[in-house]
Amino acid sequence: MIDLKLLQKDFDTVAKALQKKQIDTALLAQLKTLTTDYKQSLQSLEELQAKQNALSKEFGQIKAKGGDVGALQEEVKNNKIAVAQLQEATNEKEAALQALALTIPNLPDDSVPEGKDEEDNVEIKKVLTPRVFDFEPKEHHDLGVDLGWLDFKRGVKLAKSRFTVLMSDASRLERALYNFMLDFNRSRGFQEVSVPAIANGDSLLGTGQLPKFADDLFKIEGEELYLIPTSEVSLTNLFRDEILEAEELPVKLTAYTPCFRKEAGSAGRDTRGMIRQHQFGKVELVSITHPEESDKVFDEMVSTASDLLTALGLPHRLVALCGGDLGFGAAKTTDIEVWFPSQNRYREISSVSNVRDFQARRAMIRFRDGKKNTLVHTLNGSSLAVGRTLIAIMENYQRADGSIEIPQVLENYLR
RNA sequence: GGGCAGAUGGCAGAGCGGUUGAAUGCACCGGUCUUGAAAACCGGCGAGGGUAAUACCUCCCUGAGUUCGAAUCUCAGUCUGCCCGCCA
């Protein structure tokens, strides 16, 4: 959630920052009005409550002495009604305020490039040069079907479209990949954890998937529970409603989980192959940091993901997302895109974001900062989507005969 | 799924209709002592809002209710623990 105090105090700064994210200033003006309105209402309410408390105290004292409370009783009764009415009005105002505030995205950093969509993202650097093939490279879909690695038909039979079955060596390769990634992350100081793949509504609200993006989530029928779209939800919410000690920071975590997304807005896109699935495995990085440390940790996370791809020998590039392409909670994001020879282009395989205090404010994650309690910064990043890494390896490491060479670093994991 | 017990500050744990936002212990912070540390002793120490700072308001799982007044009473729900059933 954005800082409503900042909105009150410095409207123009907030409005200007959010223009980068294509947010209508009128909406922010409305939010400001709602806030002012609520605060006023709350103040009046508190005055009445103070009066009620004082009268009740007086009432008790008179009664203890055996005095007459007749007149006072009347006054107290009337005030009570007034309190109840104003309470209700105030609650409604607060609800309206919250409802709107929770749908406003985070402020992008000054460093975030201007831009409307993907086209305006800025390449930071390329790592490794794509290989030159002396034959026509095949798509992972065809390679996978021919090798008996990927069974798209049975995935659909079991569940529905956008579900794929990995057979034999593909399944082993997937396991090798996430083992390798977890070990790699551990060597970079990330603690490995294993978390539930289901989270409750409060958790999804804390990381910002709810209330705005409910359509993208698989919900458990009849329960306030959801399949996680990313383990960022589980890892970040580990600390929801907690006050950490300053010495505990930064907390750096990594986990492998399945992720589930409805892909509601992307019907017809990437339907062939397993680029875009309803279920995919992902090794995630999440950090909880002191506000002054988050930029440093951000860089560490980007290089962890990039170095992982380098270790796997996969050509990739780093891209700074422009304002319009930035996610809801992100203040800044670096995407990592891996080379797909069949598509002759780079596709996203990792996304590292500094969320600053946006999730911390929603989820009330704080640390003891001397006398006071201060919101932490949260960061998240895929240390690679495992499914996309698998197919990137297939395409980049294919041989003329349709077989797949295995990256050297994985050999120990495939014994 | 059935039965029983419980939910209070960072943790443990009292309180069971009024001056209790909450005893006590631990942890933590400041000080005395010490070459330094520990121990001992003294002081401070829940969260959110509000304020220049006070006042003041809210919060003892959540939501309704009783009452002039609720952490304390009533009802509903959620969660946790234990026992039984089921089960990887």
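Letters go in sequence order (proteins before strands), and every chain restarts at 1. Below, each value reflects all heavy atoms present in this structure, side chains not excepted, and no hydrogens, waters or symmetry copies.
For A/S56, counting side-chain heavy atoms from C-beta on, the closest listed nucleotide (B/rC56, B/rA47, B/rG18) is B/rG18. Nearest nucleotide to the A/Q52 side chain, out of B/rG69, B/rU58, B/rA47: B/rG69. Checking B/rC57, B/rC68, B/rA47 against the side-chain heavy atoms of A/A50 singles out B/rC57 as nearest. Taking only side-chain atoms of A/K80, from C-beta outward, the nucleotide of B/rA47, B/rG69, B/rG49 with the closest atom is B/rG69. Distance from the side chain of A/L42 is smallest for B/rG49 among the nucleotides B/rG49, B/rU58, B/rU67.
By the 4.0 Å N-to-carboxylate-O rule, A/K332 lies close enough to A/D295 to be salt-bridged with it. Contact check on A/R272 versus A/D142 returns a salt bridge, with a Lys/Arg side-chain nitrogen under 4.0 Å from an Asp/Glu carboxylate oxygen. With salt bridges taken as basic N to acidic carboxylate O contacts below 4.0 Å, one links A/R361 and A/D357. Between A/E263 and A/R162, none of the side-chain N atoms (NZ, or NE/NH1/NH2) sits under 4.0 Å from a carboxylate O, so this pair counts as no salt bridge. Using a cut-off of 4.0 Å between Lys/Arg side-chain N and Asp/Glu carboxylate O, A/E242 and A/R366 are scored as not salt-bridged.
Taking side-chain N and O atoms only, A/K57 has no distance below 4.0 Å to OP1 or OP2 of B/rG69. An OP1 or OP2 oxygen of B/rC56 is reached within less than 4.0 angstrom by no side-chain nitrogen or oxygen of A/N53. Applying the 4.0 Å criterion to OP1 and OP2 of B/rC29, one finds that A/R368 has every side-chain N and O outside that range. Listed pair A/K5 / B/rG50 meets the phosphate criterion, a side-chain N or O lying under 4.0 Å from OP1 or OP2.
Between the C1' atoms of B/rC26 and B/rU74, the separation comes to 36 Å (whole Å). Between B/rG13 and B/rG6, the two C1' atoms lie 14 Å apart (nearest whole Å). If you take atom C1' in B/rG1 and the same atom in B/rC87, they sit 12 Å apart, rounded to whole Å. Taking atom P on both B/rU8 and B/rA23, the two are 16 Å apart, rounded to the nearest angstrom. The same atom, C1', is picked in B/rC4 and in B/rG85; the two are 15 Å apart, to the nearest Å. Nucleotides B/rC16 and B/rC42 are separated by 28 Å at their P atoms, to the nearest Å. Nucleotides B/rA71 and B/rA7 place their C1' atoms 12 Å apart, quoted to the nearest Å. Annotation: B/rG18 and B/rU72 have their P atoms spaced 12 Å apart (nearest Å).
Per the geometry, CD1 belonging to A/I243 stands 9 Å off P belonging to B/rC11, to the nearest Å. Rounded to an integer number of Å, the gap from CD of A/E248 to C1' of B/rA27 is 13 Å. Atom pair A/E88:CD and B/rG63:C1' shows a separation of 15 Å (rounding to whole Å applied). As a whole-Å value, the separation of A/E46 CD from B/rG48 C1' is 11 Å. The separation between A/L86 atom CG and B/rC56 atom C1' is 15 Å, rounded to whole Å. We find that CG of A/N79 is positioned 17 Å from P of B/rU67, with the value rounded to whole Å. A straight line from CD of A/E94 to C1' of B/rC57 spans 13 Å, rounded to a whole angstrom. As a whole-Å value, the separation of A/L375 CG from B/rG49 C1' is 15 Å.
Nearest-nucleotide positions on RNA chain B for A/Q49 and A/V76 put A/Q49 closer to the 5' end. Sequence order on RNA chain B of the closest nucleotides to A/E47 and A/M364 puts A/M364 first from the 5' end.
Base pairing of B/rG1: its partner is B/rC84, meeting the Watson-Crick or G-U wobble criterion (both donor-acceptor distances under 3.5 Å). Under the Watson-Crick or G-U wobble criterion, with both distances below 3.5 Å, B/rA55 has no partner in any strand shown. Look at B/rG30: its Watson-Crick or wobble partner, with both distances under 3.5 angstrom, is B/rC42. B/rU19 makes up no base pair with any nucleotide shown, lacking Watson-Crick or G-U wobble contacts both under 3.5 Å. Of all nucleotides present, none satisfies the Watson-Crick or G-U wobble test against B/rA70 with each distance under 3.5 Å. With a cut-off of 3.5 Å on both pairing distances, the Watson-Crick or G-U wobble partner of B/rC11 is B/rG25. The partner of B/rC61 is B/rG77, by the rule that a Watson-Crick or G-U pair needs both atom distances under 3.5 Å.
With a 4.5 Å cut-off on side-chain heavy atoms, A/F367 and A/E248 do not count as touching.
Of the possible donor and acceptor atoms, none in the side chain of A/E114 sits under 3.5 Å from a partner among the backbone N and O of A/G323. Between the side chain of A/S403 and the main chain of A/R399, no donor-acceptor pair closer than 3.5 Å is present.
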